[in-house]
There are 2 protein chains.
Amino acid sequence: MRALAEQLRLAGLRPTRQRVAIAALLLDGRHRHVTADSLTEEIATLGLQVSCGTVYNTLNQFTDAGLLRRVTVHNNYSLFDTNTEYHHHFYDEKTNELVDIPNNDVILKKLPNPPDGHEIKAVDVVIHIQRK
Amino acid sequence: MRALAEQLRLAGLRPTRQRVAIAALLLDGRHRHVTADSLTEEIATLGLQVSCGTVYNTLNQFTDAGLLRRVTVHNNYSLFDTNTEYHHHFYDEKTNELVDIPNNDVILKKLPNPPDGHEIKAVDVVIHIQRK
DNA sequence: AGGCTCTTTAGAATGATTTTAAACTAGTAA
DNA sequence: TTACTAGTTTAAAATCATTCTAAAGAGCCT
Ligand SMILES: [Mn+2]
Ligand SMILES: [Mn+2]
Ligand SMILES: [Zn+2]
Ligand SMILES: [Zn+2]
């Protein structure tokens, strides 16, 4: 728990009870995808108390701090990825199933030159899948 | 205008005044990206009258019919692409600039095997860019 | 023209997310 | 310990894109 607080401080975030609780759930090394809603449920299940607004704030702050990554596969609600390393996703829009693609499984042969005056910041590949 | 009506009928859509007006704007061969909001403004500028609900319905119906393509680069609002051919996008999240990447400019060297029981339906590449 | 079905419409409803302003707390200094 | 202050949390209201409603209107076929 002390390590988590330190990690938050390093990220420029004061280690409040709420942030430490969420960090304990999301920054444990497991790779998974959560929504504000799924995280809120998980918190409730554990008997913890964090307000809805704080869940949203924390997810956004963790993302800005690079502790989480936002995944964009649809525009119904936000998805957050505990795996912040470079990787891509399979997404089944029928079931909302979102699965990491191992880092070296998709390879881009070449990248196009960005528009004048711009540089490439990130590359997101989403492979839409469906049940056969 | 007759050709548009025919195109809509072929897509299984009754060519109403509203749908034909929107088709005239979006299905003229130009490649561009619109939102429900930008399209509504454009319609208003032309002195036409189409309700907000119909703009949304029509964009969704055109997309389902394959006349438009939905582009997912963020989750604030929906973007529709008049270019339905296979291609990818540059996206600058600071300016909301969205630019097509020519079809043969991004090449995937190899695709990963989809999860068991699934097949690949589409591949979306979004290259996030920022001003240098 | 008559009739049936599909569409459009204005307005209400929805739902994820953000904003508010007041109550609270971590961190620090006395 | 005891303040003090800036940052944080909270419940509730607000926002905003989008969808829903159910009533009026418009294609289309006979
Ligand atoms: Mn599936
Ligand atoms: Mn730009
Ligand atoms: Zn992931
Ligand atoms: Zn495009």
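Just so it is clear: chains get the letters A, B, ... in the order the sequence lines come, proteins before strands, and each one is counted from 1.
Between B:His89 and B:His33, the ring planes are perpendicular. Angles over 60° get that label, and only those under 30° would be called parallel.
Here C:dT8 presents its P atom at 10 Å from CG of B:Leu8, a figure rounded to the nearest Å. One can place CG of B:Leu39 at 15 Å from C1' of D:dA17, the figure rounded to the nearest angstrom. Here the P atom of nucleotide C:dT25 and the CZ atom of A:Arg17 are 8 Å apart, to the nearest Å. Atom CG in A:Leu59 sits roughly 16 Å away from atom P in D:dT8 (whole-Å rounding). For A:His74 and C:dG15, the NE2 to C1' distance is 13 Å, given to the nearest whole Å. Atom CG of B:Asn57 and atom P of D:dA17 are 17 Å apart (whole Å). Rounded to an integer number of Å, the gap from CG of B:Asp37 to P of D:dT18 is 9 Å. Summarising the geometry, the separation between CD on B:Glu6 and P on D:dC28 is reported as 10 Å, rounded to the nearest angstrom.
Phosphate contact (OP1/OP2 of D:dA26, side-chain N/O of B:Gln18, threshold under 4.0 Å): absent. For the pair A:Thr16 and D:dG7, the criterion of a side-chain N or O lying under 4.0 Å from OP1 or OP2 is not met. Using a 4.0 Å cut-off, no side-chain N or O of B:Thr54 falls inside it from OP1 or OP2 of C:dT7. At the phosphate of D:dG27, neither OP1 nor OP2 sits under 4.0 Å from any side-chain N or O atom of B:Arg9. Side-chain nitrogen and oxygen atoms of A:Asn76 include none within less than 4.0 Å of the OP1 or OP2 phosphate oxygen of D:dA17.
No hydrogens or angles considered: a donor-acceptor pair under 3.5 Å links the side chains of B:Arg70 and B:Asn60. With hydrogens and angles left out, the side-chain atoms of B:Asn75 and A:Asn76 include no donor and acceptor closer than 3.5 Å.
Residue-level contact check: A:Gln61 touches neither bases nor backbone, having no heavy atom under 4.0 Å from any strand. Residue contacts shown for A:Tyr56 include a base, since a base heavy atom lies under 4.0 Å away. Among the heavy atoms of the strands lying under 4.0 Å from A:Ser78 are primed sugar atoms or P, OP1, OP2 only; no base atom is included.
By the 4.5 Å heavy-atom criterion applied to side chains, A:Arg9 and A:Arg14 are not counted as neighbours.
Results of the ring-ring contact (aromatic ring centres under 6.0 Å, His included) test with A:His88 over A:Phe90, A:Tyr86, A:Tyr91 single out A:Tyr86 as the only residue that passes.
Of the candidate nucleotides C:dT18, D:dT10, C:dT9, C:dT18 has the atom lying nearest to any side-chain atom of A:Asn60. Comparing C:dT7, C:dT9, C:dT17 by their closest approach to the side chain of B:Arg19 singles out C:dT7.
Residue order along DNA chain D, read from the 5' end via each residue's closest nucleotide, puts B:Cys52 first among B:Cys52 and B:Pro15. Toward the 5' end of DNA chain D, the nearer of the two residues B:Arg70 and B:Arg14, judged by each one's closest nucleotide, is B:Arg70.
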